Each structure stands twice: as structure tokens, then as C-alpha cells.
Peer 1: 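Take this structure first; my questions come after.
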Amino acid sequence: MRALIVTAVPAERDAVVRGIRDAGAFEGVERALPGAPGYARHRLALPVTGASDALTLEALDADVLAAGVGPAASAAATGSALATATADGLPYDLVISAGIGGGFGVAPAVPPAGTESAGAESAGTGSAGTGSAGMGSAGTASAGAGQGAARPAGLVLAAVVVADAIVAADLGAETPDGFAAVTDLGFGTIRHLPPTHLVRAAVEATGGVRGSVLTVSTVTGSAERAAELMARHPGALAEAMEGFGVAEAATAYGVPVLEIRTVSNAVGPRDRAAWRIDAALAALTGAFDALARALPRAMAGNGAPSEPAGTARGSSTLHEAASDAAADGGPT
């Protein structure tokens, strides 16, 4: 399975890379994207021992990218990566928006003295993140792709949230009657729905919870704004700034998309002393350690085709080398 994993900032990218590496992946060199200075894909390959096809869907061939903050930057970088991969004859099977974010209904933590507030904003995007011990029962957070679902009690810092709907929460217009989504104005879309079988597999692998993840261009900083978003999106569990941009680009190329967030803070009044950036990044690493094996299995198990290496899909040099090394007993 060829996957593109898009984060906002290097700290998130590095957390994802550590997780896939912890699962046993081989690392390649970073490759710059043509025409996009500063965008570099970090390449990893996680082969299946004994597989005859280096690009079988059961194996993972991943590019991890730090795209920048916000939906515009994430859409531009994702589109550039998708176009480059297609031109190279190595199109992606899956795109994942990943990082930390804000959690709705999270009780703010009481910080020990001298912890994580200094420099926290530069490590993430100022939204809540997620972790691996969400709410005790995986997959019960929402139903119906985040529309009209009840918000679960007990969402905690460092919980893993798997989006069953990726929603542009502030794409629209202010009117005398309040906010109107762009769809109410007769344009576009505000919602992308990840494949149900992949959402389920991600929840089961990470012990996370499922619900809507909202994409905003301005991070929520007040209780009033948080309440407004919760009223408009009852199934929302998390807020971040990139998922919808990634999803728009993936959809334009016909590639399925997921969004994985770990909760670093509560959505609402900004209290940097209560943020848990390090814990959320550690949870992101743990999540991708699990997802590196689980998602390729889910893709293969759903009946997606797997072309042999050397066909129109091409072949990853790194993955072929990794597959050969795995057959010989592992990395040297």
C-alpha cells in the first residue's frame, strides 16, 4: 500500500516517522517536491516478509510530509505530492492527514510546575492532540459520520481521534441569521467521509474513538466559540487546521483519505500551561506504530486490487530494497 501522510509541522512529521519506524520500517532519504521549496517527503517502507510483490497492499510504502499550517498550505502540498507521485508512476492508495489537535469537552489539565507551556505553540498548531487511551471503549464516540451524534463523555488528553467525517467548520458566510455554510450558499462541500472499513480498522488498532474532526482557519480561543461549534456540529470530537485541505486534494485525485488526531488540549479558552504537546506527540507515535500494519491489512482485506511490481503502478526502489532485506532476515 502506497500512503501519503501529511502533517502540519516537523514535530508532527517526526512523531509519525518514529511510529512507522518502531513498527519495523526501513528509512529512505528525504526527497524534495518539485516546485515546492521546503516540502520534503520522508520515505519509509515496511515490507511483508516473504511477499513476492514489493508493492503488495499488505506492505506499507509511505511518504511523510510536513505541509505547513492551515487548510490552504495542506491542500497545496498534498496536491503537489499527489501530482508528483502520479507523474512518477507511483500513485498513492491512501492519504492520511495526521497531527495533534484540540478536543471538545476535554477537562483542562492542571500542569505540574515548569512543564510544557514554554515553546509549545511552535511544536504544534495550537489545537488539541490525541493519544492512545481515548475513552475506554473504542469506536463508540459517534454514529452516522458525525451528523447528529452524541458527544461521548470522558474524552481525555492524549486520546486518539479517528475522523469519520472531515468537516470545514468555518467555510461559509456570516448572515443576519448567523453562520451559513458554503453548501447553504449553493457552493462546494464542507464534508468528506473517510472509508468506513478504514475508520473501523484505525479505531481498533489504536484504541481510539471515532467522530467528526473539524478543520478551522482560526483556532478556537473562547468558550463561546467552542459552544457555537459544538452546537453546529454535535458529533465533533476534535478541531485542527489541515484535514479538510488534505481531503480536498485527495478527493480531486480519487484517493481515499483518513484523518488521525491526538488530543493535546481542550478546545476553548487558550491556556498554554494546560497544553500537553509532548504527550500528544508521543500518542501520535504510538498510533502510527499500530496503524503501519493495520491499515495495509484493512486495504488488502477490502478487496482492493494489488498490481504486481513492474506494471503501470511502477515500483519503489526503497521498498524493493526493504523487501529484499526482510527476506534475508531484516535490516543490516
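No experiment lies behind these values; they were computed from the predicted model shown.
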Peer 1: Tell me every residue that passes side chain to side chain donor-acceptor pair (under 3.5 Å) with R18, counting only those two or more places apart in sequence or in another chain.
Peer 2: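 In terms of side chain to side chain donor-acceptor pair (under 3.5 Å), with neighbours along the sequence ignored, R18 is linked to no residue.
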
Peer 1: For T215, what residues pass the side chain to side chain donor-acceptor pair (under 3.5 Å) criterion, not counting sequence neighbours?
Peer 2: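 Per chain and number, T215 pairs via side chain to side chain donor-acceptor pair (under 3.5 Å) with no residue.
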
Peer 1: At their closest point, which heavy atom of V161 faces which heavy atom of L237, and how far apart are they?
Peer 2: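 Looking at all heavy atoms of both residues, the closest pair is CG1-CB, 4.0 Å.
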
Peer 1: Indicate the atoms forming the closest heavy-atom contact of A202 with I260, along with that distance.
Peer 2: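 Looks like CB-CD1, 4.2 Å.
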
Peer 1: Looking at CG of L65 and CD1 of I96, how far apart are the two atoms once the value is rounded to the nearest 0.5 Å?
Peer 2: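 CD1 of I96 is found 13.0 Å from CG of L65.
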
Peer 1: Is the closest side-chain heavy-atom distance between V213 and V167 below 4.5 Å?
Peer 2: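 Contact flag for V213/V167 side chains = no.
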
Peer 1: How about L281 and D14: do any of their side-chain heavy atoms sit closer than 4.5 Å?
Peer 2: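 Sidechains of D14 and L281: no contact.
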
Peer 1: Is the backbone N or O of L46 less than 3.5 Å from a side-chain atom of D61, with the two atoms forming a donor-acceptor pair by type?
Peer 2: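 Checked: no pair found.
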
Peer 1: Restricting to non-hydrogen atoms, name the atom on S74 and the atom on A67 that form the minimum distance, rounded to 0.1 Å.
Peer 2: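 Nearest heavy atoms, S74 then A67: CA-CB, 4.0 Å.
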
Peer 1: Which value, rounded to the nearest 0.5 Å, describes the distance between L4 atom CG and R41 atom CZ?
Peer 2: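 Between atom CG of L4 and atom CZ of R41 there are 8.5 Å.
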
Peer 1: Evaluate whether atom CZ of F179 has more than 12 neighbouring non-hydrogen atoms of other residues, nucleotides or ligands under 6.0 angstrom away.
Peer 2: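 Yes.
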
Peer 1: Please determine whether side-chain contact (heavy atoms from CB on, under 4.5 Å) holds for the pair T86 and Y253, giving the CA-CA distance in whole Å, both sets of side-chain angles, and the decisive distance to 0.1 Å.
Peer 2: CA-CA 9 Å; T86 300; Y253 278 80; 4.1 Å; yes

Peer 1: Using the test side chain to side chain donor-acceptor pair (under 3.5 Å), find all partners of E228 that sit at least two apart in sequence or belong to another chain.
Peer 2: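 E228 satisfies side chain to side chain donor-acceptor pair (under 3.5 Å) with R232 only.
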
Peer 1: With rounding to the nearest 0.5 angstrom, report the CD1 to OG distance, I166 to S97.
Peer 2: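 Reported to 0.5 Å precision, the distance equals 6.5 Å.
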
Peer 1: Counting only N and O atoms by type, is there a donor-acceptor contact under 3.5 Å from the side chain of E242 to the main-chain atoms of G70?
Peer 2: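 Checked: pair present.
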
Peer 1: Would you compute the distance between atom CG of D164 and atom CG of L198 and round it to the nearest 0.5 angstrom?
Peer 2: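 D164 CG to L198 CG: 13.0 Å, rounded to 0.5 Å.
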
Peer 1: Taking side-chain contact (heavy atoms from CB on, under 4.5 Å) as the test, write out the residues that go with A85, two or more places apart.
Peer 2: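 side-chain contact (heavy atoms from CB on, under 4.5 Å) check on A85 returns R2, Y92.
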
Peer 1: Under the side chain to side chain donor-acceptor pair (under 3.5 Å) rule, collect the residues that match up with T251, sequence neighbours excluded.
Peer 2: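 Applying side chain to side chain donor-acceptor pair (under 3.5 Å) to T251 gives H192.
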
Peer 1: Using 0.5 Å steps for rounding, measure from the CZ atom of R21 to the NE2 atom of H42.
Peer 2: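 Answer for the CZ-NE2 pair, R21 versus H42, is 7.0 Å.
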
Peer 1: Could you tell me which non-hydrogen atom of A240 sits nearest to which non-hydrogen atom of I100, and how far apart they are?
Peer 2: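 A240 and I100 have their closest heavy atoms at CB-O, 4.3 Å.
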
Peer 1: If we only count heavy atoms from C-beta on, is the L214 to F104 side-chain gap below 4.5 Å?
Peer 2: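 Result yes, sub-4.5 Å side-chain heavy-atom pair found.
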
Peer 1: With the side chain counted from C-beta on, respond yes when P256 and P195 share a heavy-atom pair under 4.5 Å apart, and no when they do not.
Peer 2: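 With C-beta onward as the side chain, the pair touches.
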
Peer 1: For E248 and T189, run side-chain contact (heavy atoms from CB on, under 4.5 Å): C-alpha distance rounded to whole Å, both residues' side-chain angles, the deciding distance at 0.1 Å, then the answer.
Peer 2: CA-CA 9 Å; E248 283 280 274; T189 186; 3.7 Å; yes

Peer 1: Evaluate the criterion side-chain contact (heavy atoms from CB on, under 4.5 Å) for residue pair N265 and V106; output intermediate values, then yes/no.
Peer 2: CA-CA 7 Å; N265 56 274; V106 176; over 6 Å; no

Peer 1: State, to 0.1 Å, how close A201 and A298 come at their nearest heavy-atom pair, and which atoms those are.
Peer 2: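 That would be CB-CB, 3.6 Å.
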
Peer 1: Within the distance-only criterion (no hydrogens, no angle test), does the side chain of T78 pair as donor or acceptor with the backbone N or O of A75 below 3.5 angstrom?
Peer 2: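 No, because the side chain of T78 does not come within donor-acceptor range (under 3.5 Å) of the backbone of A75.
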
Peer 1: Any side-chain to backbone donor/acceptor pair from E12 onto V9? Under 3.5 Å, distance only.
Peer 2: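 Between the backbone of V9 and the side chain of E12 there is a qualifying donor-acceptor contact (under 3.5 Å).
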
Peer 1: Are V16 and T7 close enough that some pair of their side-chain heavy atoms sits under 4.5 Å apart?
Peer 2: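 Yes; the side chains approach each other to less than 4.5 Å.
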
Peer 1: Quick check: do V257 and F244 have side-chain heavy atoms less than 4.5 Å from each other?
Peer 2: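 A side-chain contact is absent here, since even the closest heavy-atom pair is not under 4.5 Å.
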
Peer 1: How many angstroms lie between atom CG of L258 and atom CG of L291, to the nearest 0.5 angstrom?
Peer 2: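 Answer rounded to 0.5 Å: 8.5 Å.
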
Peer 1: May I have the step-by-step check of side-chain contact (heavy atoms from CB on, under 4.5 Å) for M1 and L94, ending in yes or no?
Peer 2: CA-CA 8 Å; M1 180 187 84; L94 178 65; 4.2 Å; yes

Peer 1: Using side-chain heavy atoms (C-beta onward) and a distance below 4.5 Å, is I20 in contact with L60?
Peer 2: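 I20 vs L60: side chains touch.
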
Peer 1: The criterion is side-chain contact (heavy atoms from CB on, under 4.5 Å); which residues satisfy it with T175, sequence neighbours excluded?
Peer 2: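 T175 satisfies side-chain contact (heavy atoms from CB on, under 4.5 Å) with D177, A180 once adjacent residues are dropped.
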
Peer 1: Taking the side chain as C-beta and beyond, is there a heavy-atom pair between V267 and V219 under 4.5 Å?
Peer 2: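 Of all side-chain heavy-atom pairs linking V219 with V267, none is under 4.5 Å.
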
Peer 1: Which heavy atom of D93 sits nearest to which heavy atom of M299, and what is that distance?
Peer 2: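 Taking every non-hydrogen atom into account, O-CE, 3.5 Å.
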
